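Note that the coordinates shown come from a computational prediction; the quantities given were computed from them, not determined experimentally. Nothing fancy with the numbering, it's 1 onward along the sequence.
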Amino acid sequence: EFYIDLVFYNRLLQCFVLIEIKTDKLAHQDIGQLQMYVNYYERVEKQEHENPSIGILLCADKNDAVVKITLP
């Protein structure tokens with residue numbers, strides 16, 4: 001089972017805001033996990049009139065190369 005840390009709904013933006021918190025250094029798996037949560041909300045929870053969901057990953061430390069290579 002998977003659980004996102006925090007889920008908010010922004011009424012002005014009309015979209016879900018998903019927040020994943022990591023206490024360790026960022027790994028590419030963490031970005032993939034957050035993307036999985038965003039995909040779920042896009043495909044299952046979001047309604048047609050709502051805007052795309054936003055995923056935010058908060059981590060204690062990061063490697064710039066991992067971030068640049070993993071994200072589009």
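Under a 4.5 Å side-chain heavy-atom cut-off, the cluster of Ile, Leu, Val, Met, Phe, Trp and Tyr residues that includes Phe8 is completed by Leu6, Leu13, Val17, Ile19, Ile21, Ile54, Ile56, Leu58.
Between the side chains of Lys22 and Gln33, at least one donor N or O sits under 3.5 Å from an acceptor N or O. Under the 3.5 Å distance criterion, with hydrogens and angles disregarded, a donor-acceptor pair is assigned to the side chains of Gln35 and Asn39. Defined by atom type and a distance below 3.5 Å, a donor-acceptor pair is missing between the side-chain atoms of Glu20 and Tyr37.
Partners of Glu42 according to the side-chain contact (heavy atoms from CB on, under 4.5 Å) rule, which considers only residues two or more places apart in sequence or in another chain, are Val38, Lys46, Pro52, Ser53.
Put simply, the side chain of Leu26 reaches to within 4.5 Å of the side chain of Leu57, judged on heavy atoms.
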Verify side-chain contact (heavy atoms from CB on, under 4.5 Å) between Ile4 and Tyr40, making sure each step is shown before the conclusion.
CA-CA 11 Å; Ile4 186 77; Tyr40 170 80; over 6 Å; no

What's the verdict on side chain to side chain donor-acceptor pair (under 3.5 Å) for Tyr9 and Gln14, showing C-alpha distance, side-chain angles and the deciding distance?
CA-CA 7 Å; Tyr9 187 81; Gln14 292 188 347; 5.3 Å; no

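Between atom CG of residue Asn10 and atom CD of residue Glu50 there is a gap of 11.0 Å, rounded to the nearest 0.5 Å. Summarising the geometry, atom OH belonging to Tyr3 is positioned 12.5 Å from atom CG belonging to Asp5; distances are rounded to the nearest 0.5 Å.
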